[in-house]
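Quick notes on the structure that follows.
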There are 2 protein chains.
Amino acid sequence: MGHIGIKDLSSFHGALNEPLRLRLLRLLLERELCVCEMMRALKIPQYKVSRHLGILKKAGLVRDWREGTWIHYEIAPTLPSVIKETLVCLRSLWDQSPLIQEDLRGIRGPSTRRPGDPVVTC
Amino acid sequence: MGHIGIKDLSSFHGALNEPLRLRLLRLLLERELCVCEMMRALKIPQYKVSRHLGILKKAGLVRDWREGTWIHYEIAPTLPSVIKETLVCLRSLWDQSPLIQEDLRGIRGPSTRRPGDPVVTC
DNA sequence: TCCCTATATGCCCCATGTGGCATATATTAA
DNA sequence: TTAATATATGCCACATGGGGCATATAGGGA
């Protein structure tokens, strides 16, 4: 692993600087999710979710893949371990927030759908 | 300790969103410093240091006190322990940056001055 | 092919934040 | 009082970034 530039750090902290992105990232620390699940959990319009996920993606923090009409997002598995450890640490801080806890209740329990199941509603 | 609102988290991450503030905070994690020491270590104009320290102060991350013409800054001792632990964790991440390492070399060794010594140059 | 659902994005307005300079304030010494 | 050092801040121009709406794109089913 090479060095991490101040530019990378800026990119990292910039990504976390937005309340919505922070909440999205926290959800993804729980498990992989599709856009519409995050919409419902955070009760925010679709274009916001897409927009901010796009920013997280550009910062290299998440990756996405398509399954039918759904786009799934997850924490990027290729993330440097330093970053991963930092996220785990930040999670403890974020979880002090009642709003974060409420968000998490919105995705409790594993997805009822399995890969291969027909795509019905989201 | 009560809850931490999403507003507090935003304030926290907002404070870290600026490269200069991040570097200042990293220096202060090492030890208490006065403004002119930070100016020299980071090689940046005085008004920037003051400005950004002011923002860190408003975010509650640092506190200051006067000693003669100097203003000393340090990590706020009253900071919630969750925040303190987070800062320690973030330090590991930040220290991966060569620029951060270079900044630290600028303040190596304890201050040569002792409280009570005459204020000469900074 | 047409339609519906799911997702992404272009565009414009506005709020926030920073750079940079000049200046104000505070403290100490002469 | 005057000067010098150390620090804070008001002001303005500019860049960045999010809100919000409309629209584009893509996949699946009838």
Side-chain angles (χ1 to χ4, degrees), chain A residues 6-7 10-25 27-28 32-59 62-74 111 113 115-122, chain B residues 6-7 10-24 28 32-59 62-74 111 113 115-122:
Chain A
I6 196 76
K7 211 73 175 68
S10 294
S11 166
F12 178 71
H13 286 293
L16 304 183
N17 191 30
E18 229 287 333
L20 220 49
R21 285 197 292 272
L22 192 153
R23 296 167 66 195
L24 288 168
L25 208 52
L27 289 186
L28 292 173
E32 150 266 335
L33 290 163
C34 78
V35 176
C36 54
E37 284 180 294
M38 294 186 255
M39 277 179 60
R40 288 182 312 184
L42 303 192
K43 300 183 182 67
I44 51 177
Q46 175 266 322
Y47 70 86
K48 280 196 183 183
V49 180
S50 285
R51 185 97 60 190
H52 288 292
L53 283 174
I55 294 173
L56 289 176
K57 184 180 169 185
K58 185 166 293 183
V62 305
R63 77 165 177 186
D64 65 336
W65 70 94
R66 175 178 287 274
E67 183 196 5
T69 56
W70 296 7
I71 309 283
H72 294 263
Y73 281 85
E74 68 177 5
S111 179
R113 230 183 106 267
D117 282 2
V119 174
V120 252
T121 341
C122 192
Chain B
I6 194 77
K7 210 74 175 68
S10 294
S11 165
F12 178 71
H13 285 294
L16 304 183
N17 191 30
E18 229 287 334
L20 219 50
R21 285 197 291 274
L22 193 154
R23 295 166 67 194
L24 287 169
L28 292 173
E32 151 267 334
L33 290 163
C34 78
V35 175
C36 55
E37 283 179 294
M38 295 186 256
M39 277 180 59
R40 287 182 311 185
L42 303 191
K43 301 181 182 68
I44 51 179
Q46 175 267 324
Y47 70 85
K48 280 197 183 184
V49 180
S50 286
R51 184 97 63 189
H52 287 292
L53 283 174
I55 294 173
L56 290 176
K57 185 180 170 186
K58 184 165 294 182
V62 304
R63 77 164 178 185
D64 63 336
W65 70 94
R66 175 179 287 274
E67 182 196 6
T69 57
W70 297 5
I71 309 283
H72 295 263
Y73 282 84
E74 69 177 2
S111 178
R113 229 184 107 267
D117 281 3
V119 174
V120 252
T121 341
C122 191

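- Atom-to-atom distance recorded for B:Leu24:CG and B:Ile44:CD1 is 5.5 Å, nearest 0.5 angstrom.
- Between A:Met38 atom CE and C:dT7 atom P there is a gap of 8 Å when expressed in whole angstrom units.
- Close to D:dA8, at under 4.0 Å from its OP1 or OP2, lies a side-chain N or O of B:Ser50.
- When distances run from any side-chain atom of A:Arg66 to the nucleotides D:dA26, D:dT7, C:dG19, the shortest one goes to D:dA26.
- At least one side-chain nitrogen or oxygen of B:Arg21 sits closer than 4.0 Å to the OP1 or OP2 atom of C:dT18.
- Within the structure, a side-chain polar atom (N or O) of A:Tyr73 is placed less than 4.0 Å from OP1 or OP2 of C:dA8.
- Contact check for A:Leu27 versus A:Leu42: side-chain heavy atoms found under the 4.5 Å cut-off.
- Applying the side chain to side chain donor-acceptor pair (under 3.5 Å) test to residues at least two apart or on different chains, the pairs with a partner in residues 10-19 of chain B are A:Trp94-B:His13.
- A donor-acceptor pair under 3.5 Å links the side-chain atoms of A:Arg66 to the main chain of A:Gly68, judged by distance alone.
- A:Arg51 comes within 4.0 angstrom of a base, heavy atoms only.
- Looking at heavy-atom distances under 4.0 Å, A:Ile55 makes contact with sugar-phosphate atoms alone, never a base.
- Between B:Lys48 and the phosphate of C:dT18, there is no side-chain N or O to OP1/OP2 separation shorter than 4.0 Å.
- B:Glu37 has its CD atom 15 Å from the C1' atom of D:dT5, to the nearest Å.
- Distances shorter than 4.0 Å separate none of the side-chain N or O atoms of A:His52 from OP1 or OP2 on D:dG17.
- Between the C1' atom of C:dA29 and the CH2 atom of B:Trp70 lies a distance of 16 Å, rounded to the nearest Å.
- The interatomic distance linking B:Leu20 (CG) with C:dG20 (P) rounds to 11 Å, in whole Å.
- Neither OP1 nor OP2 of D:dG27 sits under 4.0 Å from any side-chain N or O of A:Thr69.
- As rounded to whole Å, 12 Å separates atom C1' of C:dT16 from atom CD of A:Glu18.
- For the pair B:Ile71 CD1 and C:dT27 C1', the computed distance is 10 Å after rounding to whole Å.
- Side-chain to base pairing of A:Gln46 with C:dA8: one donor and one acceptor N or O lie within less than 3.5 Å of each other.
- Separating the CD1 atom of A:Ile44 from the P atom of D:dG19 is a distance of 9 Å, rounded to the nearest angstrom.
- Atoms CG (B:Leu53) and P (D:dT9) sit 11 Å apart, rounded to a whole Å.
- Checked against B:Leu53 for a side chain to side chain contact (heavy atoms under 4.5 Å, CB included), the options B:Leu33, B:Leu20, B:Leu28 give a single hit: B:Leu28.
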